[in-house]
Protein chains: 2
Amino acid sequence: MHTDKVFKALGDPTRRKLLDLLCEKNGQTLGALCETLDMARQSVTQHLGILEDADLVSTVRRGREKLHFINPVPLHEVYERWVRKFERQRLTLLYELKKELEGE
Amino acid sequence: MHTDKVFKALGDPTRRKLLDLLCEKNGQTLGALCETLDMARQSVTQHLGILEDADLVSTVRRGREKLHFINPVPLHEVYERWVRKFERQRLTLLYELKKELEGE
DNA sequence: TTGATACGCAGGTAAATACCTGCATGTCAA
DNA sequence: TTGACATGCAGGTATTTACCTGCGTATCAA
């Protein structure tokens, strides 16, 4: 998988906001997404392109419009394959850290 | 919380690798982490600084050494406050996407 | 003290990133 | 067909980022 693309895509506040917007209302057009964002349309296009490239957003053309949909799968996969590894060790690591900070 | 710092920190493969290394063996020194990374020590220092700034890594000095420990809390918080929102809607979103791709 | 070790700090460069403006293309509705 | 609308494409700039080299400081062991 393209873990790197997904993480890089999530590393920008504008793009996380875009995902938030799509979470509230899935299938929005570029224009609709722009209205909230105080940024030139072309910039939003770029951000959406990066999200699409990371498979976090899928698009469908409908006439002259382009609808944007969240694809939650990569996010889930990132969580499953990457975050949970740390989760599993969470309490252990916290214990070690606490010990160390207390001078062992 | 500084969601942005956490995501930005995770947006670099070298830094994710550093977390991986610390996950395998917590409490490593800068020197030990460098050995695996084919990169100048100073570069690794910068990456570790970013991780530390995002609270993903905590450090403890021991003599002339500096030990690095994973702090899994921000990762967990990011998951709780951000990823789960999408998880909750995952099946719904997938259903909508499928419908749309099939021409509704 | 002295040499070796472990790290910190101050820059400097090349590439990536996040914006933008300007113009072109395609689609709808009258 | 024509004007308004929705988006695409080309490129340009300013900032951020990732990497480096060079040198300084602190610690340990002999």
Side-chain angles (χ1 to χ4, degrees), chain A residues 2-22 25-70 100 103-104, chain B residues 2-22 25-69 100-101 103-104:
Chain A
H2 27 255
T3 313
D4 196 49
K5 281 187 181 176
V6 175
F7 273 109
K8 282 230 168 73
L10 293 174
D12 181 275
T14 302
R15 292 194 284 270
R16 289 197 302 277
K17 174 123 193 198
L18 280 168
L19 290 179
D20 275 334
L21 289 171
L22 288 179
K25 185 174 182 333
N26 213 9
Q28 295 190 64
T29 64
L30 171 60
L33 292 168
C34 282
E35 282 174 14
T36 327
L37 279 181
D38 193 34
M39 184 183 289
R41 177 180 54 80
Q42 286 82 347
S43 311
V44 178
T45 300
Q46 280 192 323
H47 285 299
L48 285 170
I50 290 168
L51 287 171
E52 202 174 344
D53 197 47
D55 257 337
L56 285 162
V57 161
S58 302
T59 59
V60 176
R61 293 213 69 117
R62 187 176 64 189
R64 64 183 163 180
E65 291 180 327
K66 189 176 183 181
L67 307 179
H68 297 80
F69 294 84
I70 285 194
E100 191 66 33
E104 200 158 4
Chain B
H2 26 255
T3 313
D4 197 49
K5 281 186 181 177
V6 175
F7 274 109
K8 283 230 169 72
L10 293 173
D12 181 275
T14 302
R15 291 194 285 271
R16 289 197 301 278
K17 174 122 194 198
L18 279 169
L19 291 179
D20 276 334
L21 289 172
L22 288 179
K25 185 175 182 332
N26 213 9
Q28 295 189 63
T29 64
L30 172 58
L33 292 167
C34 282
E35 282 174 15
T36 326
L37 279 179
D38 193 34
M39 183 183 290
R41 177 180 56 80
Q42 285 82 347
S43 311
V44 179
T45 300
Q46 279 192 323
H47 285 299
L48 285 170
I50 289 168
L51 288 171
E52 200 173 346
D53 197 47
D55 257 338
L56 285 162
V57 161
S58 301
T59 59
V60 177
R61 294 213 67 118
R62 188 178 63 190
R64 64 183 162 179
E65 291 181 327
K66 189 176 183 181
L67 306 179
H68 297 80
F69 295 84
E100 191 66 33
L101 288 174
E104 200 156 5

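A, B, ... follow the sequence lines: proteins, then strands. Residue 1 opens every chain.
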Pair A:Asp4 + B:Arg16, salt bridge at N-O below 4.0 Å = yes
Let me know the distance between CZ of B:Arg62 and P of C:dC7, rounded to the nearest Å.
-> 11 Å
How bent is the helix from C:dT1-D:dA30 to C:dA30-D:dT1, comparing axes over its five end pairs at each side, to the nearest 10°?
-> 30°
Between CZ of B:Arg64 and P of C:dG3 the distance, given in whole Å, is 16 Å
Contact under 4.0 Å: A:His47 side-chain N or O vs C:dC19 OP1/OP2 | yes
Spacing between B:Asp53 atom CG and D:dA18 atom P, to the nearest angstrom = 13 Å
Take atom CG of A:Asp4 and atom P of D:dA18, then tell me their distance rounded to the nearest Å.
-> 11 Å
Specify the separation, in whole Å, of atom CG of B:Leu33 and atom C1' of C:dA6.
-> 13 Å
Please examine the side chains of A:Leu33 and A:His68, heavy atoms only from C-beta on, and report whether any two atoms are closer than 4.5 Å.
-> yes
Within-4.5 Å side-chain heavy-atom neighbours: B:Asn26 and B:Leu67 = no
With the side chain of B:Lys66 defined as its heavy atoms from C-beta on, choose the nearest nucleotide among C:dC20, C:dC7, C:dC28.
-> C:dC7
Close side-chain approach of A:Arg15 and A:Ile50, heavy atoms under 4.5 Å = yes
Taking the side chain as C-beta and beyond, is there a heavy-atom pair between A:Leu22 and A:Gln28 under 4.5 Å?
-> yes
N/O (side chain, B:Arg61) to phosphate O (OP1/OP2, C:dA6) under 4.0 Å | no
Any side-chain heavy atom of A:Ile70 sitting closer than 4.5 Å to one from A:Leu56?
-> no
Map A:Arg15 and B:Gln46 onto DNA chain C by nearest heavy atom, then report which one ends up closer to the 5' terminus.
-> B:Gln46
Residues A:Asp55, A:Lys5: salt bridge by 4.0 Å N-O rule = no
Measure from CD on B:Glu65 to C1' on D:dT27 and round the result to the nearest Å.
-> 10 Å
Nearest-Å distance for atom pair CD/C1', residues A:Gln28 and D:dA6 = 15 Å
Evaluate side chain to side chain donor-acceptor pair (under 3.5 Å) for B:Glu52 paired with B:Thr59, printing each intermediate quantity in order.
-> CA-CA 8 Å; B:Glu52 200 173 346; B:Thr59 59; 2.9 Å; yes
Nearest-Å distance, CG (A:Leu18) to C1' (C:dC19)?
-> 14 Å
Strictly under 3.5 Å: I want the nitrogen or oxygen pairs between protein and nucleotides 21-24 of chain C, one per line.
| from | atom 1 | to | atom 2 | distance (Å) |
| --- | --- | --- | --- | --- |
| C:dG22 | O6 | A:Gln42 | NE2 | 2.8 |

